[in-house]
Amino acid sequence: MGTWLFVAFHIISVGFCLFATRSALYCLSKYQVTPKLRYTLFGLIEARYVGILYVIIIFLLAVYSIVMAFFFL
Amino acid sequence: MKTLLQLLGGADPQRNRAFPGEQPNEEVEFMSIFHWMKLMPFFLKMLVLVVAAVLLFTSSFFQGLSPMLHFSIISLFSTLCVHVVCFRAFEFFLRFMMITNYRVIDIRNGVFLKREMEVIPMTNIQDTRSQQRGIFSRIFKYGDLIILGSSTDVKYQFHYVHTVSKIHYILNEILQKVVSQNLPRGLRKNGVARESEEPVPAG
């Protein structure tokens, strides 16, 4: 039972991560930097990198944890 | 194709508006997120929390637990930490300021269910100030931008603004244009207010 709850937590975690990344990037994509705005870089590009990193880390953590949970069963 | 681009979070080059709610003839002069130093207090707190957790997980109390429970607690903690850090990073990217030729806009969006926009029209701005305090603000070139409203009580503060002196200059330049456009025609010269050569009739 505990193991299945653990697995469910990680599956929800991956879903949450994907939804949060998609939501943040979609929100940011509505604002576009015009060519003359060269003073500071607007956050869309950096947010993309954070999003990619976020999804990869959470996905790897989930896979590793689920595999280890079944190993302990 | 457009939907796919939007799903991936890419900007649409065909879109005419620079931001939602853009008015006709409105031009974006400046748009920026805030300085990354804004995240430092949060990261320091997280570092302290992680160090404390590592010390706790390596203590003799935790070593006595069953391997599955031990692994589960570490796994849940690390997953939650990654979520909190990335969520905070997204919140950081979704808060930004924008200066257009009509107004100053403070946008505070959130990942879920939060869309806030505060607008300060140029005509309501009485005065602007910029300040840099401390060694870090000088080294990393950030500071506070303070906008005083037409009423003395109204004060808008933007903390951790990138290259604050440059942004202060841009804002003053736009304000000068707005003031000169609002002057009577006799006091304008090439869009900039000039010294009155003819006395303005009283009343």
Side-chain angles (χ1 to χ4, degrees), chain A residues 2-3 5-7 9-73, chain B residues 5-13 15-22 27-36 66-72 74-76 78-80 82-83 85-96 98-99 107 109-115 161-163 166-167 170:
Chain A
T3 311
L5 275 175
F6 183 71
V7 170
F9 169 81
H10 278 292
I11 290 169
I12 293 166
S13 164
V14 170
F16 177 82
C17 146
L18 287 171
F19 190 62
T21 306
R22 188 247 171 219
S23 177
L25 293 181
Y26 183 72
C27 182
L28 270 173
S29 72
K30 292 196 177 297
Y31 300 86
Q32 62 183 16
V33 182
T34 55
K36 70 174 178 177
L37 305 171
R38 296 195 188 280
Y39 296 102
T40 53
L41 192 63
F42 185 50
L44 182 61
I45 298 162
E46 296 98 320
R48 264 187 200 164
Y49 292 138
V50 170
I52 290 165
L53 210 66
Y54 183 26
V55 172
I56 289 171
I57 291 171
I58 289 293
F59 186 75
L60 289 179
L61 258 171
V63 170
Y64 175 71
S65 302
I66 290 168
V67 169
M68 287 300 279
F70 282 107
F71 176 75
F72 281 122
L73 260 176
Chain B
L5 273 174
Q6 283 177 345
L7 277 171
L8 291 170
D12 181 7
R15 195 172 54 235
N16 294 325
R17 293 186 305 170
F19 64 96
E22 189 181 14
E27 277 182 29
V28 181
E29 302 285 343
F30 181 82
M31 189 197 302
S32 169
I33 53 171
F34 290 88
H35 200 273
W36 56 265
S66 69
M68 178 59 198
L69 194 61
H70 192 233
F71 173 75
S72 302
I74 293 173
S75 169
L76 295 180
S78 49
T79 306
L80 287 175
V82 173
H83 278 301
V85 168
C86 292
F87 214 77
R88 182 68 188 87
F90 280 145
E91 292 275 325
F92 166 72
F93 287 120
L94 288 167
R95 166 96 200 263
F96 47 93
M98 203 184 285
I99 301 174
I107 293 166
N109 289 337
V111 177
F112 301 118
L113 308 170
K114 190 183 166 193
R115 301 277 185 273
V161 177
H162 270 288
T163 51
K166 199 178 267 183
I167 295 168
I170 294 168

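By convention in this document, chain letters (A, B, ...) are assigned in the order of the sequence lines, proteins followed by strands, and residues within each chain are numbered from 1.
In terms of heavy-atom proximity, B:Pro20 sits nearest to A:Tyr31 at CD-CE2, 3.5 Å. Looking at every heavy atom in both residues, B:Ser78 comes nearest to A:Leu61 through OG-CD2, 3.9 Å. Shortest non-hydrogen contact noted between A:Ala24 and B:Leu94 is O-CD2, 3.9 Å.
For A:Phe59, the CZ atom counts as loosely surrounded, since its 6.0 Å shell holds 12 or fewer non-hydrogen atoms of other residues, nucleotides or ligands.
Between B:Phe90 and A:Thr21 there is a side-chain heavy-atom pair separated by less than 4.5 Å.
With a 4.5 angstrom heavy-atom cutoff, A:Tyr54 touches chain B via backbone and side-chain atoms both.
Taking chain A as the reference chain and counting heavy-atom pairs below 4.5 Å, the highest number among B:Ile74, B:Leu76, B:Asn109 is found for B:Leu76. The candidate with the highest count of non-hydrogen atom pairs below 4.5 Å against chain A, out of B:Ile107, B:Val85, B:Val82, B:Leu69, is B:Val82.
Residues that satisfy the ring pair (Phe, Tyr, Trp, His ring centres under 6.0 Å) test with A:Phe16, not counting sequence neighbours, are B:His83, B:Phe87, B:Phe112. Every residue meeting the ring pair (Phe, Tyr, Trp, His ring centres under 6.0 Å) condition with A:His10, not counting sequence neighbours, appears here in chain and number order: A:Phe6.
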